[in-house]
Protein chains: 2
Amino acid sequence: MRVSREKAAEHRDRIIDAAGALFRAKGFGGIGVADIMKAADLTHGGFYGHFASKDDLVAQASRRTMDRAAANWTKLVEAAPDNPYAALLEHYLSPKHRDDPGKGCAFAALGNDAARSGKIVRKAFAEGLAPLLDILAKSIPGKSIPGKSIGGKSIRGKSKTVRRRKAVVAMATLVGALTLARAVEGTPLSDELLEAAHRELIGADQR
Amino acid sequence: MRVSREKAAEHRDRIIDAAGALFRAKGFGGIGVADIMKAADLTHGGFYGHFASKDDLVAQASRRTMDRAAANWTKLVEAAPDNPYAALLEHYLSPKHRDDPGKGCAFAALGNDAARSGKIVRKAFAEGLAPLLDILAKSIPGKSIPGKSIGGKSIRGKSKTVRRRKAVVAMATLVGALTLARAVEGTPLSDELLEAAHRELIGADQR
DNA sequence: ATTATCTATAGATCTATAGATAATGC
DNA sequence: ATTATCTATAGATCTATAGATAATGC
């Protein structure tokens with residue numbers, strides 16, 4: 001049952017999308033090629049016409065997931081020009097995000113899996129993380145100080161270096177809070193993690 | 001080849017220890033019962049005399065790993081009475097910790113796996129997290145304020161609530177930074193994550 | 001004629017169990 | 001006699017491939 005070149009490309013797309021969600025929900029090793037193909041409404045054997053290996057799909061699906069995240073963050077930031085940082089925090093640390101990993105952040109869903117993966121996957125994760133850090137850095141409140149800081153300490157604004165560092169740490173806090181909230185889901189600690197991170201990040205960086 | 005009751009208990013211990021390290025290094029699904037038993041110098045079939053299932057071992061190994069972590073943190077804190085918080089950060093965010101997950105923090109190594117596990121494992125993670133948060137809360141610098149804060153804002157010290165929240169967020173930051181540093185290991189971002197978290201946590205909570 | 005997809009299966013691996021073995025402990 | 005461990009294997013699952021099929025596109 002051969003299909004047109006166009007349809008084949010659409011099938012390939014469907015496989016990557018299905019994998020993107022299933023990997024996040026169940027982990028790279030927690031879902032098989034057969035189930036991914038079933039989710040894409042195709043049969044198991046057709047897979048290897050589209051991808052060299054399961055690892056090939058892992059890398060491609062990860063990249064797409066992270067590209068989508070950057071686009072989504074940009075949209076969120078642009079929709080809240082008065083306080084983009086608060087909008088990002090609100091979105092990321094919501095119970096809704098916690099409770100649907102298949103549609104959420106790849107770093108919080110697959111960070112451990114990526115750490116155990118090969119260089120290609122880890123590099124994809126690094127390249128996917130960079131734009132998120134840029135968006136975060138721009139959205140953090142506090143006027144930017146273009147020149148040097150006074151006396152080694154800026155009073156009101158933030159230098160580029162400080163802004164970058166705060167973005168990196170905010171990202172770590174977001175990923176850590178969501179990861180832990182999911183790991184202890186069903187206990188009071190889970191909500192506490194989301195709320196504490198939200199409150200502390202809002203407070204700490206508005207100074 | 002039956003062994004003494006005492007030896008059997010020792011074997012059981014060895015299985016749990018081997019599993020604790022192998023699970024952290026490879027994930028709950030990334031290592032099989034046969035390999036764990038081989039690491040404990042026993043044969044595959046003997047496993048089910050000690051544990052009801054692989055999941056039973058997952059829960060027991062997780063619990064032991066986390067109990068050991070609490071003991072280790074207590075030791076670290078007591079060895080640095082002048083600045084226990086710095087000692088914890090130094091230890092947790094070291095490249096050495098990043099590069100040997102099999103001997104490190106269970107939350108940074110298995111948070112994603114725990115999130116995909118059953119209630120029993122997630123409850124074990126929640127019960128293992130609590131003592132670490134207590135140790136963190138006690139070690140965070142800033143005199144504690146027993147009474148109410150003045151004008152809704154404490155000036156120099158920290159109320160119990162604030163201290164608790166800062167501990168929860170510090171834990172999230174630690175776990176997130178280490179998880180991400182491992183996920184992007186081999187790129188410049190990896191060191192940057194560890195260093196940024198270290199610097200920001202030290203600075204932010206000494207105020 | 002080419003090729004996207006399908007059916008079927010090889011080969012590896014993984015959890016769990018059955019039954020045998022041999023040393024312990026009553 | 002009990003039981004901790006061992007060998008062997010059942011049954012499930014997973015990646016990857018081989019060969020057949022049938023519709024596309026030159």
Side-chain angles (χ1 to χ4, degrees), chain A residues 1-62 110 113-114 116-118 120-121, chain B residues 1-62 110 113-114 116-118 120-121:
Chain A
M1 303 179 186
R2 189 190 172 193
V3 300
S4 71
R5 203 173 291 183
E6 199 183 14
K7 278 277 171 209
E10 188 202 306
H11 288 172
R12 195 167 181 291
D13 242 48
R14 282 217 307 264
I15 297 168
I16 296 175
D17 280 345
L22 288 168
F23 283 149
R24 276 176 283 171
K26 309 208 167 196
F28 292 146
I31 191 81
V33 167
D35 283 320
I36 293 165
M37 290 300 276
K38 192 183 282 182
D41 259 315
L42 294 162
T43 56
H44 178 183
F47 178 83
Y48 292 90
H50 289 288
F51 303 96
S53 64
K54 189 186 177 184
D55 242 42
D56 182 17
L57 175 65
V58 163
Q60 291 196 44
S62 296
L110 293 165
D113 296 67
R116 297 173 206 130
S117 297
I120 301 156
V121 173
Chain B
M1 301 184 190
R2 189 190 171 195
V3 300
S4 72
R5 201 173 293 184
E6 197 183 14
K7 277 279 170 204
E10 188 203 306
H11 289 172
R12 196 166 180 290
D13 241 48
R14 281 217 308 264
I15 298 168
I16 297 175
D17 280 344
L22 288 167
F23 283 149
R24 276 176 283 171
K26 310 209 166 195
F28 291 147
I31 191 80
V33 168
D35 284 320
I36 292 166
M37 289 301 275
K38 191 182 282 182
D41 259 316
L42 293 162
T43 56
H44 180 183
F47 179 83
Y48 293 90
H50 289 289
F51 302 96
S53 65
K54 189 187 178 184
D55 242 42
D56 182 16
L57 176 64
V58 163
Q60 291 197 44
S62 297
L110 293 165
D113 296 68
R116 298 174 206 130
S117 298
I120 301 155
V121 172

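We name chains A, B, ... by the order of the sequence lines, and we start the count at 1 in each one.
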Here the ring pair (Phe, Tyr, Trp, His ring centres under 6.0 Å) pairs for residues 25-46 of chain B, sequence neighbours left out, are B/Phe23-B/Phe28
Listed in order of residue number, which residues of residues 28-59 of chain B have a non-hydrogen atom at under 4.0 Å from DNA chain D?
B/Leu42, B/Thr43, B/Gly45, B/Gly46, B/His50
Any pair counted as salt bridge (Lys or Arg N to Asp or Glu O under 4.0 Å), so long as it reaches residues 17-32 of chain B, sequence neighbours left out:
B/Asp17-B/Arg64, B/Asp17-B/Arg68
So which pairs with a foot in residues 34-60 of chain B pass salt bridge (Lys or Arg N to Asp or Glu O under 4.0 Å), sequence neighbours left out?
none
Kindly give the heavy-atom pair with the smallest separation between [X] and [Y], and that separation in Å.
X        : Y       : value
B/Gly20  : B/Ala61 : N-CB, 4.0 Å
A/Ile120 : A/Ala59 : CG2-CB, 4.2 Å
A/Ile36  : A/Leu22 : CA-CD1, 4.0 Å

Should A/Phe47 and A/Leu57 be marked as a side-chain contact (heavy atoms from CB on, under 4.5 Å) after you check the CA-CA gap, both sets of side-chain angles, and the distance that decides it?
CA-CA 10 Å; A/Phe47 178 83; A/Leu57 175 65; 3.5 Å; yes
For A/Ala25, all residues meeting side chain to side chain contact (heavy atoms under 4.5 Å, CB included), sequence neighbours excluded
none
With sequence neighbours excluded, what pairs up with B/Thr43 under the side chain to side chain contact (heavy atoms under 4.5 Å, CB included) test?
none
Rounded to whole Å, how long is the line connecting atom CG of A/Asp13 with atom P of C/dA4?
15 Å
Looking at residues 16-24 of chain A, who's got a heavy atom less than 4.0 Å off DNA chain C?
none
Under the rule for side-chain hydrogen bond (donor to acceptor under 3.5 Å, both in side chains), what residues qualify as partners of A/Arg12, not counting sequence neighbours?
A/Gln60
For B/Arg2, what residues pass the side-chain hydrogen bond (donor to acceptor under 3.5 Å, both in side chains) criterion, not counting sequence neighbours?
none
Residue list, salt bridge (Lys or Arg N to Asp or Glu O under 4.0 Å) with B/Arg14, at least two apart or on another chain:
B/Glu10
For DNA chain D, what is the dot-bracket line, given that a base pair needs Watson-Crick (N1 to N3, plus N6-O4 or O6-N4) or G-U wobble (N1-O2 and O6-N3) geometry with both distances under 3.5 Å, and | means paired with another strand?
||||||||||||||||||||||||..
So which protein N/O to nucleotides 23-26 of chain C N/O distances come out below 3.5 Å?
| from | atom 1 | to | atom 2 | distance (Å) |
| --- | --- | --- | --- | --- |
| C/dT24 | O2 | B/Arg2 | NH1 | 2.2 |
| C/dG25 | OP1 | B/Arg5 | N | 3.2 |

